[in-house]
Amino acid sequence: MSLEVQIKKRLSNDFTLDVSFEAESETLGVLGASGSGKSMTLKCIAGIETPDSGRIVLNGRVLYDSDRRINLKPQARRVGYLFQNYALFPKMTVLQNIACVMGRDVDPDATHALIRRFQLEGLEDRYPAELSGGEQQRVALARILASRPEAILLDEPFSALDTHLREQLQLELPALLEGIDNVIFVTHSRDEVYRLCPSLLVLHLGQVMASGTTQRVFENPETVSAARICGCKNISPIRKLSDRRILALDFGLELEVGSPVLDEHTHIGIRAHDLKPVSDDTAPNSFGVTLLDQTQDVFEWNLRFHPLGATDATPLWWKVSREIYTTPPSYLCAPAGALMLLKEKRLER
């Protein structure tokens, strides 16, 4: 079971969606900021929007091919699309919303099986306005499965839910979608994509910045844009000093890196959680720091430092658990193995 997508769509004079990827029987996460082209990609796959050119193939069936002039209607694609607002029919009950996609041959047994699977017993006769956000989402998912899709597209499905319900449904989602081989999960949340998606595509301004297994992309995002989207707080342009040593220009720090510095590498990335407090500046990649400010979250501290004596340098972020942090350190260390060599990927227009 597979989904192949290779599409281009010009949306404005300075923005062109240009996306290519393949998904094989998996949940593929699509991570990106607002306006990166995530939702437009889903709409092109579903047939709601038409690309300018390209090809979309689902399990060997051609859904769209600009060269062959193939463009199946949305209802013929067997692709389920969960909108951000769930798009339930307000004048239909829960039962009617689920059954309506079955056409004239409504299967009562299948409908009630979905009611049980999505824990909607007792809500069959209620209307969408009488449901909670989580109940509405489960009805929308049940309706999608009632149409027997070959792929499901989830467009930021948890964005309208409170934190508790969001986390609860994140735990339930894999079981609810069991048996669906192709799931595309669009989000701007790093936590959601890391929890739910074995594979990842990172979009920035309509183009793919990184792709691969989710863990690998987070460990080595490869591009500056992907590193920022994946949450890296400390990024600086570099000057190569030797095969494994660089000068981080914005931080004013000479650093040893864990892998060879190539000509394509233009920046260094240091995750805020990877910095370590040390007793002095004798260890590799250790440096003195001056605290600028600190703020407390529920479970961690966020601190910003200047490298000692470099008051004009870009501040460095350090994130540390409340259980560990007691007082600001005088020295920090950036372990060579945790440093990310990055390249600046040029956007094609």
Side-chain angles (χ1 to χ4, degrees), residues 31 33 188-191 194 202 204 209-210 217-345:
L31 181 66
H188 62 267
S189 168
R190 297 183 295 272
D191 291 339
Y194 202 87
V202 178
H204 176 63
M209 292 291 112
V217 172
F218 272 81
E219 289 176 352
N220 182 22
E222 295 187 354
T223 68
V224 174
S225 298
R228 288 198 177 102
I229 293 168
C230 289
C232 183
K233 292 287 188 183
N234 304 310
I235 298 176
S236 167
I238 63 172
R239 184 167 75 239
K240 180 178 177 179
L241 302 178
S242 67
D243 284 348
R244 291 181 181 265
R245 196 161 186 84
I246 58 94
L247 173 63
L249 299 174
D250 284 355
F251 306 140
L253 295 174
E254 286 192 24
L255 298 170
E256 181 180 338
V257 296
S259 56
V261 184
L262 305 179
D263 291 341
E264 64 184 13
H265 293 138
T266 60
H267 289 71
I268 196 76
I270 311 171
R271 290 189 185 85
H273 288 98
D274 286 340
L275 290 170
K276 307 295 182 185
V278 291
S279 58
D280 55 40
D281 62 355
T282 59
N285 289 353
S286 59
F287 51 94
V289 293
T290 302
L291 178 67
L292 295 177
D293 49 55
Q294 57 183 359
T295 57
Q296 186 177 9
D297 289 338
V298 178
F299 298 112
E300 65 182 7
W301 282 91
N302 302 296
L303 301 96
R304 292 195 312 149
F305 297 89
H306 273 317
L308 189 64
T311 56
D312 294 332
T314 299
L316 286 153
W317 286 77
W318 181 41
K319 287 180 173 286
V320 58
S321 168
R322 285 178 56 189
E323 296 180 357
I324 298 174
Y325 179 73
T326 54
T327 58
S330 298
Y331 300 90
L332 287 173
C333 173
L339 299 180
M340 300 180 293
L341 289 166
L342 306 169
K343 57 187 177 183
E344 186 88 79
K345 183 173 181 180

[X] versus [Y]: any side-chain heavy-atom pair under 4.5 Å?
| X | Y | value |
| --- | --- | --- |
| L253 | L316 | yes |
| K240 | H265 | no |
| E300 | H273 | yes |
| V217 | V202 | yes |
| H267 | S236 | no |
| S259 | L341 | yes |
| D281 | L308 | no |

For the backbone of [Y] and the side chain of [X], can you confirm whether one donor and one acceptor N or O come within less than 3.5 Å of each other?
| X | Y | value |
| --- | --- | --- |
| R322 | W301 | no |
| D243 | P260 | no |
| N285 | L255 | no |

For [X] and [Y], work out which heavy atoms get closest and say how close.
| X | Y | value |
| --- | --- | --- |
| P221 | A210 | O-CB, 3.5 Å |
| R190 | G231 | CD-N, 3.4 Å |
| V261 | R244 | CG2-CA, 4.2 Å |
| C230 | L31 | SG-CD2, 4.4 Å |
| P284 | C333 | O-SG, 3.3 Å |

Would you call the rings of W318 and F305 parallel, tilted or perpendicular if under 30° counts as parallel and over 60° as perpendicular?
-> tilted
Could you state the interatomic distance from [atom1] ([X]) to [atom2] ([Y]), rounded to the nearest 0.5 Å?
| X | Y | atom1 | atom2 | answer |
| --- | --- | --- | --- | --- |
| T327 | L291 | OG1 | CG | 10.5 Å |
| I268 | F251 | CD1 | CZ | 9.5 Å |
| D297 | S321 | CG | OG | 11.5 Å |
| T223 | M340 | OG1 | CE | 10.5 Å |
| I235 | T266 | CD1 | OG1 | 10.0 Å |
| T290 | H306 | OG1 | NE2 | 8.0 Å |

Polar contact flag, side-chain donor to acceptor under 3.5 angstrom, T282-D280 =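 Side-chain D/A pair, T282 to D280: present.
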Can you confirm whether more than 12 heavy atoms, excluding those of [X], are under 6.0 Å from its [atom1] atom?
| X | atom1 | answer |
| --- | --- | --- |
| D263 | CG | no |
| D312 | CG | no |
| R239 | CZ | no |

In sequence, state the C-alpha distance, the side-chain angles, and the governing distance for K319 and K233, and then conclude on side-chain contact (heavy atoms from CB on, under 4.5 Å).
-> CA-CA 10 Å; K319 287 180 173 286; K233 292 287 188 183; 3.9 Å; yes
